[in-house]
Amino acid sequence: MSVFSRFLLKQGVLASPWWQRVIAVLPVLLLLWLGVHWALGEG
């Protein structure tokens, strides 16, 4: 994870191509979606 964060700091997220931004955001969105699904399923 530190290599990934160092890469982001070095490259700059906004300076990177669109597909790199998508790859950076997708895991976060997936975790949020799974969290909401789990919370609704438990209820």
Side-chain angles (χ1 to χ4, degrees):
M1 193 63 189
S2 59
V3 175
F4 183 66
S5 57
R6 262 186 278 152
F7 170 77
L8 285 181
L9 286 175
K10 186 176 165 188
Q11 296 293 325
V13 181
L14 293 178
S16 59
W18 65 268
W19 56 270
Q20 285 186 351
R21 284 186 295 230
V22 169
I23 290 174
V25 169
L26 268 180
V28 178
L29 292 179
L30 184 64
L31 282 176
L32 284 174
W33 183 80
L34 285 175
V36 169
H37 237 275
W38 178 78
L40 291 176
E42 292 291 311

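Just so it is clear, the model here is predicted, and its values are computed rather than measured.
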K.L.:
Starting from Leu31 and following side-chain heavy-atom contacts under 4.5 Å between hydrophobic residues (I, L, V, M, F, W, Y), which residues can be reached?
P.N.:
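Other cluster members: none.
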K.L.:
Which pair of heavy atoms, one from Ala24 and one from Pro27, lies closest together, and at what distance?
P.N.:
O-CD, 3.7 Å
K.L.:
What residues form a ring-ring contact (aromatic ring centres under 6.0 Å, His included) with Trp19, not counting sequence neighbours?
P.N.:
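Testing Trp19 for ring-ring contact (aromatic ring centres under 6.0 Å, His included), a comparison that skips the adjacent residues, returns none.
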K.L.:
Residues two or more places apart in sequence or in another chain: which of them pass side chain to side chain contact (heavy atoms under 4.5 Å, CB included) with Val22?
P.N.:
Trp18, Leu26
